[in-house]
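Both backbone and side-chain heavy atoms feed into the values below; hydrogens, waters and symmetry mates do not. Just so it is clear: chains get the letters A, B, ... in the order the sequence lines come, proteins before strands, and each one is counted from 1.
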Number of protein chains: 2
Amino acid sequence: MTNENDYILVVDDERAIRDMVCMALVQEDFQCSEASDAHKAEVLIKKNQPQLILLDWMMPGISGIDFARKLRRQPETMNIPIIMLTAKIEEDNVIRGLESGADDYLTKPFSPRELIARIKALLRRSKPENTQDIIKINNLVLDTSSYRVEGNGQTIELGPTEFKLLRFLMENPDRVFSREQVLNNVWGDNVYVEERTVDVHIRRLRKALEPTHHQDMVQTVRGAGYRLSNK
Amino acid sequence: MTNENDYILVVDDERAIRDMVCMALVQEDFQCSEASDAHKAEVLIKKNQPQLILLDWMMPGISGIDFARKLRRQPETMNIPIIMLTAKIEEDNVIRGLESGADDYLTKPFSPRELIARIKALLRRSKPENTQDIIKINNLVLDTSSYRVEGNGQTIELGPTEFKLLRFLMENPDRVFSREQVLNNVWGDNVYVEERTVDVHIRRLRKALEPTHHQDMVQTVRGAGYRLSNK
DNA sequence: AGCAACTGTAATATTTATGTAATATAACTC
DNA sequence: GAGTTATATTACATAAATATTACAGTTGCT
């Protein structure tokens with residue numbers, strides 16, 4: 001699974017910490033922005049709402065506690081999970097931290113591994129429950145929760161890439177995608193493979209669809225790309 | 001939805017923590033009882049079985065780990081979800097915690113919000129089991145209350161982890177789970193175990209299912225995870 | 001204390017999928 | 001219809017994912 005869609009904001013006045021954290025996040029495919037103080041953070045949040053905020057406890061200007069409190073007060077930011085980064089844990093900190101509304105704590109120094117684990121745990125909780133969704137076009141049924149594809153009730157065997165490819169096309173039926181677009185959406189943004197590779201996987205997909213005669217739904221648009229359609 | 005039917009027991013020697021936690025619980029409409037040590041907790045459990053137990057790691061007398069282990073051994077309390085409250089996470093704690101059978105961890109200090117979120121997540125998971133003790137798929141019968149599994153009437157011997165694994169899969173049949181999801185649901189959240197460990201337990205489960213020829217119900221979905229299905 | 005049962009990890013083996021290049025076919029241009 | 005370009009098809013070496021086994025450390029039990 002990839003974290004590409006989760007955007008995390010790191011707020012800390014120490015550049016070294018920000019860099020370290022961001023590096024760990026990027027390694028895990030998270031999107032990441034940095035802010036050196038609360039004001040800059042606010043601007044960034046307005047521009048693009050993060051899924052999670054890592055917030056330093058002690059900062060010049062507005063402290064992490066006060067900033068957390070402020071975020072909790074505003075409806076738009078109320079539900080963004082916050083992880084506090086503290087130098088050390090003191091009883092006093094704990095109480096004030098609880099009140100400010102942080103969701104988790106991390107005491108410096110912390111390992112990237114622990115940081116990632118906690119972020120994932122929090123994100124999991126803040127995400128809506130998995131929804132079982134079934135895409136159905138023309139007797140061709142793709143179930144994303146069971147990873148099954150059926151044509152006229154018959155099971156169709158697909159490799160991982162063919163499954164992702166079919167899923168992408170079925171989620172956007174009747175629309176033509178260039179090979180580049182297909183690569184970006186199915187393989188991922190930062191992967192480099194030959195454009196012609198798409199042809200091969202289209203071929204594999206068609207072959208797999210032959211037994212149930214759905215191969216013609218995967219259509220070539222010469223000079224433009226590919227399309228999935230029932231016409 | 002309301003939580004007034006869920007009764008939660010808080011076991012901790014520190015009064016301040018108990019009060020804080022209970023206050024948060026009551027605010028969410030949970031029923032709540034407090035116990036300052038394992039013995040008092042035991043009496044309360046006998047009187048009225050809680051839906052979930054919050055258990056302090058370090059307590060004078062019987063420690064949280066030992067108490068959890070004890071609860072796991074007795075059939076009546078075997079299936080009550082347990083969340084451990086620990087002062088800090090050390091490698092050693094994690095390992096021993098795993099074996100004691102806790103379902104989740106919470107490191108002090110924690111926010112009420114996170115506490116509630118985790119409790120709800122755990123309850124959601126254990127709900128189907130409360131209403132239905134016996135899950136049956138394809139002549140494979142799993143009885144959560146007696147900790148027994150039968151295939152075609154024949155008893156199947158399973159270790160604790162394999163049992164939990166099979167149970168989780170049977171509660172969500174025909175659905176693919178990544179190794180990460182399996183770990184979070186079977187081992188518990190916030191637990192650092194290699195993803196490949198799942199493979200090994202899947203192997204053990206399959207082996208145990210061989211005598212009754214149910215091993216093929218545990219299916220690999222390459223690039224995605226595992227699934228239990230009768231197809 | 002000592003044996004049996006479990007667990008997680010690492011090493012190794014096995015299976016399956018992937019991307020590329022080479023070649024064939026089809027579709028356009030003029 | 002020859003030449004040109006785009007796509008189809010096939011084969012294959014390699015990479016990646018999973019299966020399997022062995023093992024060392026714990027715990028539970030007697």
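- Here the CG atom belonging to B/L142 is positioned 13.0 Å from the NZ atom belonging to B/K136, to the nearest 0.5 angstrom.
- Computed from C1' positions of five pairs at each end, the angle between the two local axes of the helix from C/dA1-D/dT30 to C/dC30-D/dG1 equals 30°, rounded to 10 degrees.
- Scored by the side-chain contact (heavy atoms from CB on, under 4.5 Å) test, A/A117 finds B/Y192 as partners (sequence neighbours excluded).
- The CD atom of A/E210 sits 12 Å away from the C1' atom of D/dA8 (whole-angstrom rounding).
- Looking at residues 154-162 of chain A, you'll see that no heavy atom sits under 4.0 Å from any atom of DNA chain D.
- Judged as a salt bridge (Lys or Arg N to Asp or Glu O under 4.0 Å), and not counting sequence neighbours, the contacts of B/R15 are B/D19.
- DNA chain D lies under 4.0 Å from at least one heavy atom of each of the following residues of residues 197-208 of chain A: A/D199, A/V200, A/R203, A/R204, A/R206, A/K207.
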(message) Assess the residue pair B/D103 and B/R118 against the criterion (salt bridge (Lys or Arg N to Asp or Glu O under 4.0 Å)); give the C-alpha distance rounded to whole Å, side-chain angles, the decisive distance to 0.1 Å, and a yes or no.
(response) CA-CA 10 Å; B/D103 295 286; B/R118 296 201 184 213; over 6 Å; no
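- Near DNA chain C, meaning a heavy atom under 4.0 Å from it, residues 219-228 of chain B has B/R222 in order of number.
- One distance of note links OG1 of B/T197 with CD1 of B/I202; it measures 12.0 Å at 0.5 Å rounding.
- Comparing A/V193 and B/E194 against DNA chain C, the residue whose closest nucleotide sits nearer the 5' end is B/E194.
- With sequence neighbours left out, the salt bridge (Lys or Arg N to Asp or Glu O under 4.0 Å) criterion links B/K70 to B/E42.
- Rounded to an integer number of Å, the gap from A/F163 CZ to C/dT16 C1' is 17 Å.
- Put simply, B/R196 has a side-chain N or O that comes within less than 4.0 Å of OP1 or OP2 on D/dT18.
- As a whole-Å value, the separation of B/D66 CG from D/dC29 P is 12 Å.
- Rounding to the nearest 0.5 Å gives a distance of 5.0 Å between CE of B/M217 and CG of B/N138.
- Note: CZ (B/R69) to C1' (D/dG28) measures 9 Å, nearest angstrom.
- Look at A/W187 and you'll find a side-chain N or O under 4.0 angstrom from OP1 or OP2 of C/dG19.
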Show me the donor-acceptor pairs within less than 3.5 Å that the side chains of residues 157-171 of chain A make with the rest of the protein, sequence neighbours left out.
from   : atom 1 : to     : atom 2 : distance (Å)
A/E162 : OE2    : A/H201 : ND1    : 2.4
A/R167 : NE     : A/E171 : OE2    : 3.2

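- Contacts of B/R148 classified as side-chain hydrogen bond (donor to acceptor under 3.5 Å, both in side chains), with partners at least two apart in sequence or in another chain: none.
- Scored by the side-chain hydrogen bond (donor to acceptor under 3.5 Å, both in side chains) test, B/T212 finds B/H214 as partners (sequence neighbours excluded).
- Remark: B/D199 CG to B/E194 CD distance equals 10.5 Å, nearest 0.5 Å.
- B/D37 meets the salt bridge (Lys or Arg N to Asp or Glu O under 4.0 Å) test with B/K40; sequence neighbours excluded.
- Rounded to whole angstrom, the span from the CG atom of B/L165 across to the C1' atom of C/dG8 amounts to 14 Å.
- Annotation: the span from B/I83 atom CD1 to B/I53 atom CD1 amounts to 11.0 Å, rounded to 0.5 Å.
- Remark: P of D/dA19 and CD of B/E195 are 14 Å apart, rounded to the nearest angstrom.
- Distance, B/Q215 CD to D/dT18 P: 20 Å, rounded to whole Å.
- When the side-chain contact (heavy atoms from CB on, under 4.5 Å) test is applied to B/C22, the partners found at least two apart in sequence or on another chain are B/V10, B/C32, B/E34.
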